[in-house]
Amino acid sequence: MRHLSSTPPASPAPSASSANTGEPPRRAPRSDWQTLGKLLPYLWQYKWRVLLALGFMVGAKAANVSVPLLLKRLIDAMTLDPQAPLGAAQAMLVVPVGLLLAYGLLRLSTSVFTELRELVFAKATEGATRHIALQVFEHLHALSLRFHLARQTGGMTRDIERGTRSVQSLISYSLYSIVPTFIEVAMVLTILGTQFDAGYVWITVAALVLYVAFTVWVTEWRTQFRRAMNEADSNAHSRAIDALLNYETVKYFNNEAFEAKRYNDNLEKLRLIRIKSQSTLSLLNTGQQVIIASALVLMLWRATQGVVSGNLTLGDLVMVNAFMIQLYIPLGFLGVLYREIKQSLTDLDKMFVLLEREREVGDKPGAVALSLDAPPDVQFEGVDFAYEANRAILHGVDIHIPAGKTVAIVGPSGSGKSTLARLLYRFYDVSGGAVRINGTDVRNMQQLSLRQHVGIVPQDTVLFNDSIAYNIRYGRTDASMDEVVAAAKAARIHGFIESLPQGYDTPVGERGLKLSGGEKQRVAIARTLLKNPPILIFDEATSALDSTNERAIQAEIRLAARHKTSLVIAHRLSTVVHAHEIVVLEAGRVVERGRHADLLQAQGAYARMWALQQEDKDEREVKDGKDSKDD
């Protein structure tokens with residue numbers, strides 16, 4: 001019996017082109033402002049913190065700009081009048097305690113406002129970073145199997161890492177460096193324009209415009225080298241990760257030197273690009289310092305002339321010098337900041353591209369939730385499927401698995417057996433026909449609810465780098481330890497686990513490499529039995545087991561499959577003789593179907609496969625007997 005209830009869809013259905021090809025949607029290159037526009041909503045969740053931080057930032061800059069003004073008054077107060085008699089001038093000279101205290105308070109206020117700004121805005125920065133990283137992580141899990149089969153893990157993780165870090169970099173460089181600098185520039189220009197003549201303003205503005213223009217022009221030109229450097233870095237990282245993940249294969253073929261050479265080739269490309277990037281950076285820094293030094297000389301020359309002519313005081317000269325130092329020291333980092341902001345925007349855009357990758361298999365609007373309280377009826381109805389447009393796998397496949405029954409799929413490698421399991425699990429959608437559960441097309445169901453009711457023991461078992469108990473409990477994360485042990489016993493692995501020094505806490509290593517193939521497969525069987533779904537898929541579930549364990553686990557599998565709808569995919573025909581129906585696939589087409597005895601009697605494809613496997617079995621037994629006699 002089934003219960004279907006409508007709930008809101010998890011995501012919009014993908015476009016036809018995206019669904020057919022699995023390729024990312026093509027889009028026009030995004031501008032930096034568009035990338036920033038996509039980041040702002042994440043920050044605007046903390047709008048009051050943003051506004052408060054901006055207030056503290058303005059306060060810090062106002063205090064900072066007030067320091068040279070107070071310094072001018074302090075120096076003017078301490079300057080002797082050359083026209084007054086020496087004794088009278090010295091008598092009038094007193095320590096300006098109030099000005100000194102005000103100077104210290106302003107310096108302190110700058111630091112306090114700066115720290116308050118960072119304290120208030122830290123929650124917004126970290127919150128936005130966490131939100132984006134989590135959203136990307138969830139989205140990657142929602143993408144299709146096709147995407148994950150084609151991905152380069154090392155390069156993708158680098159993109160995510162750099163993208164996440166770029167959120168903090170953008171906020172740090174813009175809110176803490178660029179924006180405050182321009183606020184300070186506006187304040188200083190206002191003071192120079194009101195207290196001095198317009199020449200000071202024009203020199204400052206001309207230097208700023210020339211400095212910014214030069215910085216932007218050179219940095220834009222240098223972006224190509226930074227982009228190439230990132231690409232070379234990702235390629236080197238991907239090559240290293242791939243070689244390390246396939247450590248055993250590298251060792252099998254003595255290809256350590258070959259992998260080292262390929263990795264070194266990528267590192268050499270990275271080295272050359274980094275040298276070129278550093279050379280152009282030196283050019284940028286030199287040009288910036290020439291512009292800054294020229295502006296400082298012009299400003300001080302003009303101020304010195306004013307002091308000589310009597311139009312300005314020594315305090316004015318010191319104030320102008322202090323303003324220029326305050327302005328040009330942060331501007332000295334503008335090239336670095338602009339380059340880092342550009343790079344952060346590029347990195348963030350790469351992460352947003354991942355986030356915008358359309359789901360090839362998505363829930364339709366109005367998709368229904370599957371709820372089963374009994375084994376369902378499963379139907380493959382005229383199923384056509386192709387991984388690529390020019391590579392058809394299945395052709396009009398009709399298979400019916402009655403409720404609570406077991407149907408086995410057999411056939412040569414590449415005939416499409418495992419593809420049927422992936423279609424039932426909805427890793428892919430059919431090209432033609434339909435896969436139905438209790439008469440309802442799985443494409444009209446929510447994927448989450450569908451997969452809650454299907455358990456699969458895959459052909460290639462991959463385990464998490466954690467304990468054996470964790471990997472078994474992964475079938476049902478809220479299971480008790482007693483239930484984990486019961487599932488391990490049913491999978492005939494409890495005795496092996498108990499013999500280990502750490503028992504169920506034994507780590508299995510990356511991808512389970514510390515366990516043998518048979519041990520990994522039994523862990524996979526145990527976690528599927530622990531999940532206890534109404535629909536079971538066994539895809540070559542005992543292929544890595546020896547004959548004794550295979551027969552024992554086959555009995556457990558048959559027991560677990562009782563009162564469940566089961567699809568068994570097998571290469572060894574001896575493992576499916578008890579199936580209610582056996583379907584023979586060849587080149588993606590059903591060529592025979594029936595029970596074991598009936599298929600043998602028909603003397604068709606199944607009978608030929610059975611005869612060949614029996615010959616192989618007899619030859620192995622004769623060889624084993626001969627080896628024992630020789631021993």
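Fair warning: this is a prediction, and the values are worked out from it, not measured in the lab.
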>> By the salt bridge (charged side-chain N to carboxylate O under 4.0 Å, His left out) test, which pairs, at least two apart or in different chains, include something from residues 587-598?
In response: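 For residues 587-598: none.
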
> According to the salt bridge (charged side-chain N to carboxylate O under 4.0 Å, His left out) rule, which pairs have a member within residues 436-445, sequence neighbours left out?
Replying inline: Glu381-Arg436, Asp441-Arg443

Please report the interatomic distance [atom1]([X]) to [atom2]([Y]), rounded to the nearest 0.5 Å.
X	Y	atom1	atom2	value
Lys531	Thr477	NZ	OG1	11.0 Å
Asp242	Tyr263	CG	OH	13.0 Å
Glu519	Leu463	CD	CG	10.5 Å
Phe385	Leu423	CZ	CG	5.5 Å
Ile468	Arg522	CD1	CZ	10.5 Å
Ile569	Ile409	CD1	CD1	7.0 Å

For the side chain of [X] and the backbone of [Y], is there at least one donor-acceptor N/O pair under 3.5 Å apart?
X	Y	answer
His453	Pro534	no
Ser415	Ala587	no
Lys514	Pro507	no

> Taking Asp265 as the fixed residue, which of Lys269, Arg262, Lys261 is the one that meets the side chain to side chain donor-acceptor pair (under 3.5 Å) rule?
Replying inline: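 Result for side chain to side chain donor-acceptor pair (under 3.5 Å) with Asp265: Lys261.
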
Side chains of [X] and [Y] in contact at under 4.5 Å (non-hydrogen atoms):
X	Y	result
Tyr428	Tyr387	yes
Leu536	Thr565	no
Leu450	Ile437	yes
Phe427	Arg451	yes
Met445	Arg426	no
Ile472	Val523	yes

> Any side-chain donor-acceptor pair under 3.5 Å between Asp384 and Ser431?
Replying inline: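 Checked: Asp384/Ser431 side chains show no N/O donor-acceptor pair below 3.5 Å.
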
> Quick one: do the Asn471 and Lys520 side chains pair a donor with an acceptor below 3.5 Å?
Replying inline: no

Nearest heavy-atom neighbours spanning [X] and [Y]:
X	Y	result
Leu529	Ala491	CD1-N, 4.3 Å
Ala369	Ser449	CA-OG, 3.5 Å
Glu259	Ala243	OE1-CB, 3.6 Å
Ile456	Thr528	O-OG1, 3.1 Å
Ala579	Ala408	CB-CB, 3.8 Å
Ser467	Val508	C-CG1, 4.3 Å

>> Please evaluate residues Val583 and Val407 with respect to the criterion side-chain contact (heavy atoms from CB on, under 4.5 Å), reporting the C-alpha separation (whole Å), side-chain torsions for both, the decisive distance (0.1 Å), and the verdict.
In response: CA-CA 7 Å; Val583 177; Val407 169; 4.0 Å; yes

> Sequence neighbours excluded, which residues qualify as ring-ring contact (aromatic ring centres under 6.0 Å, His included) partners of Phe496?
Replying inline: none

>> Taking ring-ring contact (aromatic ring centres under 6.0 Å, His included) as the definition, give me every residue that meets it alongside Phe380, ordered by chain and number, with sequence neighbours left out.
In response: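 If we apply the ring-ring contact (aromatic ring centres under 6.0 Å, His included) test to Phe380, skipping adjacent residues, there are no hits.
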
>> Show, in sequence, the C-alpha distance, side-chain angles and deciding distance for Tyr504 and Tyr470, and conclude whether the side-chain contact (heavy atoms from CB on, under 4.5 Å) test is met.
In response: CA-CA 8 Å; Tyr504 281 86; Tyr470 176 88; over 6 Å; no

> Near Lys405 NZ, under 6.0 Å, is it more than 12 heavy atoms from other residues, nucleotides or ligands?
Replying inline: no

Please list every donor-acceptor pair under 3.5 Å in which a side-chain atom of residues 599-612 meets a protein atom from a residue at least two apart or in another chain.
residue, atom, partner, partner atom, Å
Gln603, NE2, Leu600, O, 2.9
Tyr606, OH, His596, ND1, 2.7

> Pick from Thr419, Val383, Ile535: which one makes a side-chain contact (heavy atoms from CB on, under 4.5 Å) with Leu424?
Replying inline: Ile535

>> Can you tell whether the side chains of Glu483 and Arg473 come within less than 4.0 Å, N to carboxylate O?
In response: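 Judged by the 4.0 Å cut-off on N to carboxylate O distance, Glu483 and Arg473 do not form a salt bridge.
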
>> Run the side-chain contact (heavy atoms from CB on, under 4.5 Å) test on Ile537 and Val568 for me, step by step, so that the C-alpha distance in whole Å, both residues' side-chain angles and the decisive distance to 0.1 Å come before the verdict.
In response: CA-CA 6 Å; Ile537 302 172; Val568 179; over 6 Å; no

Mind listing the side-chain donor-acceptor pairs of residues 394-404 below 3.5 Å, one per line with the distance, residues two or more places apart or on another chain?
residue, atom, partner, partner atom, Å
Asp398, OD1, Gly382, N, 2.7
His400, NE2, Asp377, OD1, 3.2
His400, NE2, Asp377, OD2, 2.5

> What's the verdict on side-chain contact (heavy atoms from CB on, under 4.5 Å) for Gln379 and Val435, showing C-alpha distance, side-chain angles and the deciding distance?
Replying inline: CA-CA 6 Å; Gln379 177 82 39; Val435 180; over 6 Å; no

